[in-house]
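Residue numbers begin at 1 in each chain, while the letters A, B, ... track the order of the sequences.
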There are 2 protein chains.
Amino acid sequence: MEPDLIEQIRDFNRFYTERLGLLTDRYLGGDRPLGPSRLLWEIGDRRDVSELRDRLGLDSGYLSRLLRGLEEQDLIRVLAHPRDGRARIAELTEAGRRERDTLDQRSRAGVRALLGGLSPEQQHELAAAQGRVRRLLRLASVTITPVAAGDPEAWRCLQRYAAELATRFPEGYDDAALTRPEELTGSLLLARERGEPVGCGAWIRLDTRTAEIRHLWVDGTARGLGLGRRLLHHLEADAAAHGAGTLRLGTHRCLGEAIALYRGAGYHEIDAYSDSPYNQICFEKHQPVAEPG
Amino acid sequence: MEPDLIEQIRDFNRFYTERLGLLTDRYLGGDRPLGPSRLLWEIGDRRDVSELRDRLGLDSGYLSRLLRGLEEQDLIRVLAHPRDGRARIAELTEAGRRERDTLDQRSRAGVRALLGGLSPEQQHELAAAQGRVRRLLRLASVTITPVAAGDPEAWRCLQRYAAELATRFPEGYDDAALTRPEELTGSLLLARERGEPVGCGAWIRLDTRTAEIRHLWVDGTARGLGLGRRLLHHLEADAAAHGAGTLRLGTHRCLGEAIALYRGAGYHEIDAYSDSPYNQICFEKHQPVAEPG
DNA sequence: GCGATTACCTGACCGGGGTCAGATAATGTC
DNA sequence: GACATTATCTGACCCCGGTCAGGTAATCGC
């Protein structure tokens, strides 16, 4: 990896830190310290206290004190939870909503002032470039790891995969088609973003030299990052390391993005090789294999 | 301005703040708090204490305490200034240099790990997109204001402009060609980035309907932002507001970027209209004028 | 040489952000 | 019903970053 590139990224980080100090903090902060502002913002209209603690990653003591502070200023109300006597719910009062809105307004005004110095085309260019930075950084932060066949997180991914297919296929989808742990003669990969599962993929052995890619799936919030391709590459590399020089897969005609992904990755269409009703269109690809020796 | 765009920018700011927390702080901070780390970094090898105070914008008391802290850990030495008995100089010890290098190393490692999740092309794409964001944000933060003819900051810009031309023109440049305050029948614009002058430009009246653009200059550190074009637009708009429907300007053949800028802005080449030896190539452009009425 | 200024140090103080150790009450688990 | 767990609150405490007032010594300007 080129050192220059690392230096450029660091430089950008420094640059952006400096700029952010002038944007986020100042405009969001207003007269009140940052903590309460963020909290006010995060409460939205009403929200479970436990959820707030998770989202903001705060110590329960600290959060409790922040809440009390806001309550004293009549910006929020804290109510009992209807179904759990221990839990509580924070809710913005009318004044709280006004306060949140003014904070919001101030923040927007700051950004508007900044954008004012740019032409409309440049504004769009900025937004586009930021979008690209963001997608790439998100992609970079996703980790892909092999997991055991019965891994509960992976299983949950597979079920979300199945649920999605059920809504997208006109004929629906029967989970019985999911690969059961004992069928998994290859590997199961799980993609996580900041710890949260956001995608999966598996391959199984068809014969000693052939692997079948299955259940490649990316969560809706993580689409557009290029994660599908990254997962696919991982699966291919893993299969190659296990001696599979031929990769096959089948998919449904209505999954346009998936088909485009496979074609883009060098797969070419072949005749059906399996009798799964969902494999309406099948692909194959050959790859070099690390020969033992 | 589209609200969506503002929302996108804010979103990116939030996103990046969150990411930065995981990058800059953690990796730079190490076990020691941020202040000392930044200081260690900023000292470089040795540096005047007063300079540190300016650069980091710290209270003298706070800085003094930070320095003492580092001194106690034998990371720095504070020496008397050779020429000013009041001033002092901070210098990294051998251990301090090592410490700074490990901080640096850790920061680089963090970025490297992040980039590891991306393909080389994506890494370059990231750097390029960050570069674009950065240039646009810098451009956005530049303010352009008209200043009085004799403005000292503007004058300093003009002199830097003259100094630069003197090195770039094979025949040198005589400052006598600079527009003197009493010649300035139009306007003088000064561009500032974070308060610092980074560019200038002027126009003078040739006749009631014709303005001449002069001394369009952008500091080396602010080039590539598109500031030249922005200054030119400002000058044109200002001249238009004063009834000038025809714009003229002359430049030197060796100023390729300037020539490209003018052509890109709609100027077409004309015969020489002035006898300035530096106007080797002349341009003209017509623009609509706000008619009184 | 005298007063003003400058560069730095010292000590006192402050607030924000954050952790920790219980306390309390409601809820699950067996 | 006993016991562990969970959700929140409370009070004590800590550190970092930062400000302020005052002190000391050197230097500048006249």
Side-chain angles (χ1 to χ4, degrees), chain A residues 17-18 20-22 24-26 28-43 46-73 75-91 103, chain B residues 17-18 20-22 24-26 28-43 46-73 75-91 103:
Chain A
T17 317
E18 202 185 312
L20 277 172
L22 294 168
T24 328
D25 295 5
R26 180 145 326 187
L28 228 165
D31 44 351
R32 114 182 47 253
L34 219 68
S37 296
R38 262 174 73 203
L39 185 51
L40 211 53
W41 172 262
E42 205 67 42
I43 289 175
R46 50 154 50 197
R47 182 144 281 158
D48 292 9
V49 170
S50 59
E51 202 182 336
L52 288 172
R53 221 186 18 250
D54 285 352
R55 280 219 200 193
L56 296 167
L58 298 178
D59 172 84
S60 70
Y62 183 34
L63 175 58
S64 184
R65 221 164 317 117
L66 285 176
L67 287 173
R68 212 179 334 123
L70 291 177
E71 210 174 7
E72 271 163 24
Q73 294 175 63
L75 297 176
I76 63 168
R77 258 186 305 271
V78 179
L79 324 164
H81 194 286
R83 279 194 312 274
D84 187 336
R86 299 164 300 179
R88 311 194 68 183
I89 294 181
E91 183 182 69
L103 288 180
Chain B
T17 317
E18 202 185 308
L20 278 172
L22 294 169
T24 327
D25 296 7
R26 180 146 325 188
L28 228 165
D31 45 350
R32 118 183 43 253
L34 221 66
S37 296
R38 262 173 73 204
L39 185 52
L40 211 52
W41 173 262
E42 206 67 42
I43 289 175
R46 51 155 49 198
R47 182 144 282 157
D48 292 9
V49 171
S50 59
E51 201 182 338
L52 288 172
R53 222 187 17 249
D54 285 353
R55 279 220 199 193
L56 296 167
L58 298 178
D59 173 84
S60 71
Y62 182 34
L63 176 58
S64 184
R65 224 163 315 117
L66 285 176
L67 287 173
R68 213 180 333 122
L70 290 177
E71 209 174 7
E72 270 163 24
Q73 294 176 62
L75 297 176
I76 64 167
R77 259 186 304 272
V78 179
L79 324 164
H81 194 286
R83 279 194 313 274
D84 187 336
R86 299 165 299 179
R88 312 194 67 184
I89 293 181
E91 182 183 70
L103 288 180

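Residue A:Glu51 contributes atom CD, which lies 18 Å from atom P of D:dT6 at whole-angstrom precision. Here the C1' atom of nucleotide D:dG17 and the CG atom of B:Leu58 are 9 Å apart, to the nearest Å. Put simply, CG on A:Leu79 is 11 Å from P on D:dC9, counting in whole angstrom units. With rounding to whole Å, A:Arg55 atom CZ is found 17 Å from D:dA7 atom P.
Under the 3.5 Å distance criterion, the side-chain polar atoms of A:Arg47 are left unmatched by any main-chain donor or acceptor of A:Leu52.
Within residues 64-72 of chain A, the residues that have a heavy atom under 4.0 Å from DNA chain D are, in order of number, A:Ser64, A:Arg65, A:Arg68.
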Audit row: B:Leu67, B:Leu63, side-chain contact (heavy atoms from CB on, under 4.5 Å) steps and yes/no: CA-CA 6 Å; B:Leu67 287 173; B:Leu63 176 58; 4.0 Å; yes
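Closest heavy-atom contact between A:Ala90 and A:Val49: N-CG2, 4.2 Å. Smallest separation of non-hydrogen atoms from B:Ser37 and B:Pro33: OG-O, 3.3 Å. For the residue pair A:Glu71 and A:Val78, the shortest heavy atom distance occurs at OE2-N, 3.6 Å.
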Between protein and nucleotides 21-30 of chain D, map the contacts as a letter string: B base, S sugar-phosphate only, - none, heavy atoms under 4.0 Å, written 5' to 3'. -----BS---
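Two residues are said to be in side-chain contact when any heavy atoms from C-beta on lie closer than 4.5 Å; B:Ile76 and B:Leu39 fail this criterion.
Interatomic distance, CZ of A:Arg88 versus CG of A:Leu79, reported as 8.0 Å (0.5 Å rounding). For the atom pair CZ (A:Arg38) and CG (A:Leu56), the distance works out to 5.0 Å, reported to the nearest 0.5 Å.
Remark: B:Asp59 engages B:Tyr62 in a side chain to side chain contact (heavy atoms under 4.5 Å, CB included) (not counting sequence neighbours). In this view, A:Arg86 and A:Asp84 satisfy the side chain to side chain contact (heavy atoms under 4.5 Å, CB included) rule, not counting sequence neighbours.
In the 5' to 3' direction, nucleotides of DNA chain C lying under 4.0 Å from heavy atoms of chain A begin and end at C:dG16 to C:dT27.
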Identify the pairs formed between an N or O of the protein and an N or O of nucleotides 14-16 of chain D at a distance under 3.5 Å, and give each distance.
none

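A salt bridge links A:Arg55 to A:Glu51: one of the charged nitrogens lies within less than 4.0 Å of a carboxylate oxygen.
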